[in-house]
Amino acid sequence: MSSDTLFVLTTSSSSVLSLELFLCLFLFVVVFAFWLYPGGLAWALYYKHQTKPKSSSAIPGPSGLPLLGLLFAFTGSSTHKVLEKLSRTLKATSLMAFSVGFTRFVISSNPETAKEMLNSSAFADRPVKESAYELLFHRAMGFAPYGEYWRNLRRISATHLFSPKRIASFGKTRQLIGTKMMQEIMVSMENKGVVEVKKILHFGSLNNVMMSVFGKCYDFGNENEEALMLEGLVSEGYELLGVFNWSDHFPLLGWLDLQGVSKRCKELVAKVNVFVGKIIQDHRLKRGSTGGISSDEGDFVDVLLDLEKENRLSDSDLIAVLWEMIFRGTDTVAILLEWILARMVLHPEIQAKAQAEIDSATGSDREVTDADLPNLPYLLAIVKETLRVHPPGPLLSWARLAIHDTHVGPHFIPAGTTAMVNMWAITHDENIWTEAEEFKPERFMEEDHDVAIMGSDLRLAPFGAGRRVCPGKALGLATVHLWFAQLLQNLKWVPSDNNVVDLSECLKLSMEMKYPLACKAIPRGESFE
Ligand code: HEM
């Protein structure tokens, strides 16, 4: 080889090398520039194409891992705690920006900004996860886009499912289910000497929603095939909606369906269509044979079937709306009651005080009813304190979506940003709550320290706030209050010999006890045995 050729080869290979080096360096700089942007990749990508409004200050936030952002916070079971710690460390409790893959998030851990966000019409939409779409939930109230269809569903359910009159009319049914749960608890105590309340509470809660929505109830204890099937469908749905789905944040992965979420959703929808479709068909047949049912005596299916022509729902929308109620109404109530009972086992003095309150309201010869609840302020305070310490939706269950460009405080929020509230962080904030980690129902007994929990005071808003506040909050609370009163009036809750009460949390769709409560329930007095 001539020296000339050698020279050409070395210069061309070294120029290839330097081109490679240059490209690597360029990529490195680009990745880092994007990655290191406050809030991470998704925020950096947005601002690459936009000019940030000059009046707006940057939202503080972690960059997370390159490309993935805070993905791992969402695959664990303590997302609320990870986000709380980050926003405290970054002094971003008011508002923090972060990315998960290509999704832009903001989160508030502060009552003022939380209120501003939840009450603003700019955040009246919800981001629809792939699983929610596949399960047709975008046609149900919780995920329907903010607009006429959603407004109609809220109006109809507020009048016919969640009105005070309707809730009161189901008082007897609630009480009966409460009594049946106690019998099941006693059966478990007799057979095993211990009771795992989770399953019993879940079945009671499922029956309660089934009665008010479908007018249908199942027997406890019996291996009823239909009830088992329904429980299976509900659990599968919980899992699918609760699972972290990569395709929600990396759209290109959607068609690969790596976790099989889409496939499982399709299978579930087919089964739900058959199950709920049959109940609707039965209602139609019954109405046909009786010449119609007044909405006062009918259930929610009857109400929806009676809608005027312009509001009438298609069969598939009907199924989505009805199915969603079962989902939303069952889990939250059962989980909250399990946390309450765990606290009763751990705090015998609080339990005894609440029992004395019930006894003095009812005397010793009658069962507690809905009518007694206004006279049981301490019992109501225990429920409030449990909602504070163990909110079933620590991140308010399902997030909100910015419909258009807007501002929160001095910060600019572009349309399409997912907005969350860390209610857990707020209810555990020592600057807001004295001795925040302590379980102290007494804090709500002093008149000037009471806090409204229905959404007007964001220091404790376990049901959310604003236009999309939980519509089932009064029904949920009525159920929890009555069942808790029944369970305390009749039974003493004590630790079992082989099980400690472990308050570790596990955030799935709702925040559950990581180790389900197993304890003893002993009849309190001869008169109730
Ligand atoms: C202890 C019981 C309950 C808790 C803690 C709870 C909590 C919540 C929360 C935090 C939200 C989101 C609110 C927001 O975005 O501001 C919500 C929404 C919702 N809840 Fe509940 N909930 C409970 C019981 C129920 C019950 C019993 C039902 C119905 C049977 C129900 C039906 C719904 C529906 C349909 C939505 C979506 C509303 C919309 O987007 O317009 N919830 N709930």
Side-chain angles (χ1 to χ4, degrees), residues 80 108 114-115 117-120 123-128 132 137-147 149-158 160-163 166-167 170 174 201 204-214 234 241 299-300 320-340 383-384 386-388 390-401 418-424 426-427 453-456 458 460-481 483-484 509-512:
H80 53 296
S108 160
K115 187 169 195 161
M117 267 179 4
L118 295 182
N119 285 342
S120 156
F123 292 102
D125 239 338
R126 290 197 198 278
V128 185
F137 274 13
H138 59 295
R139 298 298 295 169
M141 191 198 302
F143 283 110
Y146 181 55
Y149 179 74
W150 168 80
R151 241 188 302 276
N152 237 344
L153 291 179
R154 281 214 60 125
R155 193 178 40 75
I156 295 161
S157 59
H160 299 288
L161 190 59
F162 302 127
S163 70
R166 186 81 182 175
I167 294 173
F170 272 95
R174 268 195 299 280
L201 295 174
S205 196
L206 183 63
N207 254 343
N208 192 44
V209 184
M210 281 300 285
M211 268 312 278
S212 51
V213 175
F214 291 114
V234 172
L241 280 176
D299 49 52
F300 197 50
V321 170
L322 294 167
W323 185 240
E324 187 198 36
M325 289 302 165
I326 299 185
F327 259 86
R328 304 267 193 167
T330 304
D331 200 31
T332 39
V333 166
I335 286 172
L336 177 56
L337 266 165
E338 191 183 9
W339 282 113
I340 293 173
V383 175
K384 259 189 189 180
T386 313
L387 280 166
R388 184 186 73 79
H390 310 289
L395 297 170
L396 292 191
S397 308
W398 282 304
R400 303 287 189 89
L401 187 75
T418 296
M420 295 169 86
V421 167
N422 194 338
M423 188 43 64
W424 187 92
I426 295 175
T427 60
I453 58 168
M454 295 307 216
S456 56
L458 265 290
L460 180 53
F463 301 100
R467 288 165 179 79
R468 294 204 88 131
V469 67
C470 173
K473 56 190 193 291
L475 175 63
L477 276 183
T479 311
V480 169
H481 286 153
W483 288 352
F484 177 37
L509 194 54
S510 303
M511 189 172 74
E512 303 179 12

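Just so you know, ligand 1 is whichever comes first in the structure, and atom 1 is the first atom listed for that ligand. Computed from heavy atoms alone, side chains included, the values below leave out hydrogens, waters and symmetry copies.
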Quiz item: For ligand 1, which atoms, with element, lie under 4.0 Å from some heavy atom of Pro462?
Solution: 5 (C), 7 (C), 10 (C)

Quiz prompt | Lys473-ligand 1 polar pair, N/O distance under 3.5 Å | solution = no

Practice problem: Can you sort out which atoms of ligand 1 are near Met141, meaning under 4.0 Å from one of its heavy atoms? | Solution: 35 (C), 39 (C), 40 (O), 41 (O)

Self-check item: Heavy atom of the protein closest to atom 20 (N) of ligand 1 (residue, atom name, distance)
Solution: Cys470 SG, 3.3 Å

Exercise. Check Ala465 against ligand 1 and report side chain, backbone, both or neither, counting heavy atoms closer than 4.0 Å.
Key: backbone

Quiz item: Where is the tightest heavy-atom contact between Arg388 and Leu460, given as atom of each residue plus distance?
Solution: CA-CD1, 3.6 Å

Quiz item: Is Phe143 close to Trp398 at the side-chain level, that is, under 4.5 Å between some pair of heavy atoms?
Solution: yes

Exercise. Give a yes/no verdict on whether any heavy atom in Val209 is under 4.0 Å from an atom of ligand 1.
Key: no

Self-check item: For Lys115, all residues meeting salt bridge (charged side-chain N to carboxylate O under 4.0 Å, His left out), sequence neighbours excluded
Solution: none

Quiz item: Would you say ligand 1 has an N or O under 3.5 Å from any N or O of Thr332?
Solution: no

Exercise. Would you mind reporting whether Val209 and Phe327 have side-chain heavy atoms less than 4.5 Å apart?
Key: no

Quiz item: Going by the order shown, which atoms of ligand 1 are within less than 4.0 Å of some heavy atom of Leu396?
Solution: 10 (C), 12 (C)

Quiz item: Which residue supplies the protein heavy atom nearest to atom 37 (C) of ligand 1, what is that atom called, and how far is it?
Solution: Gly142 CA, 3.5 Å

Exercise. Output yes when a side-chain donor or acceptor of Arg139 lies under 3.5 Å from a complementary backbone atom of Ala320, and no otherwise.
Key: no

Quiz item: Is there side-chain contact between Met325 and Val213, with at least one heavy-atom pair below 4.5 Å?
Solution: yes

Exercise. Taking the six-membered ring of Tyr146 (Phe, Tyr or Trp), confirm whether the NZ or CZ of Arg468 is under 6.0 Å from its centre and within 45° of its axis.
Key: no

Quiz item: Would you say the side chain of Leu322 lies within less than 4.5 Å of the side chain of Phe214, judging by non-hydrogen atoms?
Solution: yes

Self-check item: Where Asp125 and Ala144 come nearest, the two heavy atoms and their spacing
Solution: OD1-O, 4.2 Å

Quiz item: At a non-hydrogen distance cut-off of under 4.0 Å, which region of Arg400 contacts ligand 1 (side chain, backbone, both, or neither)?
Solution: side chain

Quiz item: Nearest heavy atom to atom 13 (C) of ligand 1: which of Met511, Arg468, Met325 does it belong to?
Solution: Arg468

Quiz item: Purely on distance, is any nitrogen or oxygen of Arg467 under 3.5 Å from one on ligand 1?
Solution: no

Quiz item: Heavy atoms, side chains only, cut-off 4.5 Å: are His80 and Met511 in contact?
Solution: yes

Exercise. Among all protein heavy atoms, pick the one closest to atom 27 (C) of ligand 1 and tell me residue, atom and distance.
Key: Gly329 CA, 3.5 Å

Quiz item: Does any non-hydrogen side-chain atom of Asn208 lie less than 4.5 Å from one of Val333?
Solution: no

Practice problem: Report the member of Met117, Arg328, Met420 with the shortest heavy-atom distance to atom 19 (C) of ligand 1. | Solution: Arg328

Self-check item: Test item: His481 side-chain N/O and Leu477 main-chain N/O as donor-acceptor pair under 3.5 Å
Solution: yes

Practice problem: Would you name the heavy atoms of Ser212 and Asp299 that are closest together and state the gap between them? | Solution: O-CB, 3.9 Å

Quiz item: Can you list the ligand 1 atoms lying under 4.0 Å from a non-hydrogen atom of Phe162?
Solution: 29 (C), 30 (C)

Self-check item: Region of Met423 that comes within reach of ligand 1 [heavy atoms, distance under 4.0 Å]
Solution: neither

Exercise. Run the numbers for me: atoms of ligand 1, each under 4.0 Å from some heavy atom of Arg154, listed by number.
Key: 38 (C), 39 (C), 41 (O)

Exercise. Return the residue, atom name and 0.1 Å-rounded distance of the protein heavy atom closest to atom 6 (C) of ligand 1.
Key: Phe463 CD2, 3.7 Å

Quiz item: Can you tell me if Gly464 has a non-hydrogen atom under 4.0 Å from ligand 1?
Solution: yes

Quiz prompt | Candidate with minimal heavy-atom separation from atom 34 (C) of ligand 1, of Ser212, Gly472, Pro471 | solution = Pro471

Quiz prompt | Residue part near ligand 1, for Trp150, under 4.0 Å between non-hydrogen atoms | solution = side chain

